[in-house]
J.: 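Sharing a structure below in structure tokens format, with a few things to ask.
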Amino acid sequence: MIRHNEDTFEQLLTATLHDLAGSVQEHELRPGRPGRLPVAAAPRPVRRRAMPLAVAASVAAVALGGVFAIQSWRDDPSGDSGRPGSLGLPTTSASPRPDGTAESLPDTSGTRRPGTETAAPPLVGTMVNDVEARVSYMLPPGWTVMPESSDPDMSLTTGGTAGPEWLPDVVGRPADRAIFYVATVGPAALEGFGGVRESAKALTNIIPCPDEYNGRMVEDTKATKVDGHDAWYSEAECVLPETEGPPLRIRATLIDTGGDAVVVTGGASAPTRLAEIERITKSIRIQ
Amino acid sequence: MAGAGEVVERHGRPQAPAPPGHGGYGLAELYDRHRLFHVRLALLLVDDRETAEDVVQDAFASLQRKFGDRVEDVGHELAYLRAAVVNAARSALRRRRTAARHVPPHSVAAASAEVAFMESEERRQVALALRRLPSRQREVVVLRYWAGLSEAEIAATMGIAAGTVKSTAAKALAALKQAMEGQ
């Protein structure tokens with residue numbers, strides 16, 4: 001049995017705490033960058049354009065030359081500019097720029113909320129904190145945060161494996177490219193479809209690539225959890241012309257956050273990139 | 001190009017880091033100066049380094065959301081940061097307790113490496129006793145005996161009354177001593 005008087009016990013307690021705290025040294029922390037927020041820990045706000053109603057819903061395709069075309073999904077589901085298979089949803093497309101850059105683009109292991117699924121291995125990369133969407137996630141090394149969309153109807157944060165000056169001839173094989181983005185679906189759109197789950201089903205219908213790309217669903221609106229929130233997941237693949245290797249896979253997840261729903265979409269062909277997209281998705285934290 | 005690993009601020013227009021001595025400095029500098037302290041604080045509250053770093057990361061993210069990238073009132077923002085770390089640590093422990101209900105008992109009682117390698121047996125016992133304290137008592141002990149905060153500062157950090165700090169500290173010390181005497 002150990003007995004202590006008040007002073008010596010408090011001294012012992014203080015010494016113990018200093019011992020424990022001193023076990024962490026600066027050089028042992030995750031790497032940082034002098035004068036900047038460290039890569040692994042920097043909160044990274046990404047401003048999203050304040051826009052009326054529209055919300056992006058899916059990355060439609062990796063276009064020729066490796067540039068992504070992106071559809072947006074307006075809040076008003078009653079429009080008539082939908083493309084085949086889109087349930088008549090009005091959409092707008094961001095076309096590839098002539099120089100081959102992406103027009104607009106997409107993009108959290110945080111620690112973790114109750115109900116969070118099995119923790120993914122810690123990602124080292126860039127943490128993106130989307131202030132307006134209230135979502136954060138981690139982009140692994142090799143991924144680039146893309147510029148904001150110039151399309152006023154887009155509300156996206158974007159990550160991709162190439163930067164805005166991305167030229168098809170300097171970035172390696174098209175099959176190694178990938179993209180990931182986050183968008184939100186406002187209450188009007190959710191209501192228009194009859195709720196979050198129904199919106200997820202509608203999303204499923206606009207994900208498949210156009211007929212000419214041999215689009216097909218791989219997973220059709222499956223319930224899942226993201227950071228403890230109910231979510232619906234679907235996956236499609238399509239074969240793009242003039243590309244070699246495996247088909248493009250597009251994975252979309254609609255997350256019910258209780259407010260604006262969050263749509264997370266990733267697209268890639270290479271298995272390694274698809275695995276990265278899965279890890280990014282697992283790193284999502286709803287704030 | 002916004003390459004992975006770089007920090008790109010997107011608040012509508014580029015923001016140059018504020019130089020020190022001109023009404024404040026940047027969040028990055030605050031981070032550089034105070035990260036280690038807060039990781040250590042978090043470590044004392046949650047026991048493992050990875051979680052501690054995550055906790056501090058979340059706290060800085062919260063700080064940035066609230067105050068932006070320019071630090072105007074260092075004292076005020078550090079107080080906010082400290083409270084954010086304590087709150088995030090408490091949440092982490094809560095989640096851990098929830099998770100622990102679903103794993104076999106023998107797998108949750110292991111001492112951390114820091115505790116296992118303490119040279120003094122007496123300190124090792126104190127460290128183990130600390131881990132068994134209720135969250136609030138542990139927070140008070142750490143803020144008082146490690147961070148050296150006053151009762152008023154602890155009260156502000158934890159969002160409780162100063163009187164509660166005093167009584168909680170007394171209970172914590174009694175519990176620790178009792179645990180030690182029972183060894």
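Because only heavy atoms are used, hydrogens play no part in the values below, and waters and symmetry mates are left out as well, while side chains stay in. The sequence lines fix the lettering, A, B, ..., with proteins before strands; numbering per chain opens at 1.
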J.: For the CG atom of A/L13 and the CZ atom of B/R144, what is their distance to the nearest 0.5 Å?
T.: 9.5 Å

J.: For the residue pair B/Y145 and A/H18, what are the closest heavy atoms and their distance?
T.: O-NE2, 4.1 Å

J.: Over all heavy atoms of both residues, which pair between B/A127 and A/T16 is shortest? Give the atoms and the distance, please.
T.: N-CG2, 3.8 Å

J.: Strictly by ring-ring contact (aromatic ring centres under 6.0 Å, His included), give each pair with a member in residues 71-97 of chain B just once, sequence neighbours left out.
T.: B/F67-B/H76, B/F67-B/Y80

J.: Measure the CZ-OG1 distance between B/R123 and A/T14 for me, rounded to the nearest 0.5 Å.
T.: 10.0 Å

J.: Which is it for B/D58 and A/R285 under the side chain to side chain contact (heavy atoms under 4.5 Å, CB included) test, yes or no, and what are the steps along the way?
T.: CA-CA 11 Å; B/D58 289 348; A/R285 293 295 175 267; over 6 Å; no

J.: Which bit of B/L44 comes within less than 4.5 Å of chain A, counting heavy atoms only: side chain, backbone, both or neither?
T.: side chain

J.: Need one label for B/V141: side chain, backbone, both or neither, based on atoms under 4.5 Å from any heavy atom in chain A.
T.: both

J.: Is the number of heavy atoms from other residues, nucleotides or ligands under 6.0 Å of B/R90 CZ greater than 12?
T.: yes

J.: Any idea which heavy atoms bring B/L130 and A/L20 closest together, and the distance?
T.: CD1-CD1, 4.4 Å

J.: Which atom pairs, donor and acceptor, lie under 3.5 Å between side-chain atoms of residues 156-169 of chain B and protein residues at least two apart or in another chain?
T.:
{"unit_1": "B/T157", "atom_1": "OG1", "unit_2": "B/R82", "atom_2": "NE", "d": "3.2"}
{"unit_1": "B/T157", "atom_1": "OG1", "unit_2": "B/E153", "atom_2": "O", "d": "2.8"}
{"unit_1": "B/S167", "atom_1": "OG", "unit_2": "B/G163", "atom_2": "O", "d": "3.3"}
{"unit_1": "B/S167", "atom_1": "OG", "unit_2": "B/T164", "atom_2": "O", "d": "3.1"}
{"unit_1": "B/T168", "atom_1": "OG1", "unit_2": "B/T164", "atom_2": "O", "d": "2.5"}

J.: When rounded to the nearest 0.5 angstrom, what distance separates CG in A/L12 from NZ in B/K177?
T.: 11.0 Å

J.: Show the numbers, then the answer: is there a side chain to side chain contact (heavy atoms under 4.5 Å, CB included) between B/L176 and A/F9?
T.: CA-CA 9 Å; B/L176 286 173; A/F9 184 76; 3.5 Å; yes

J.: How far does CG of A/L17 sit from CZ of B/R40, to the nearest 0.5 angstrom?
T.: 13.0 Å

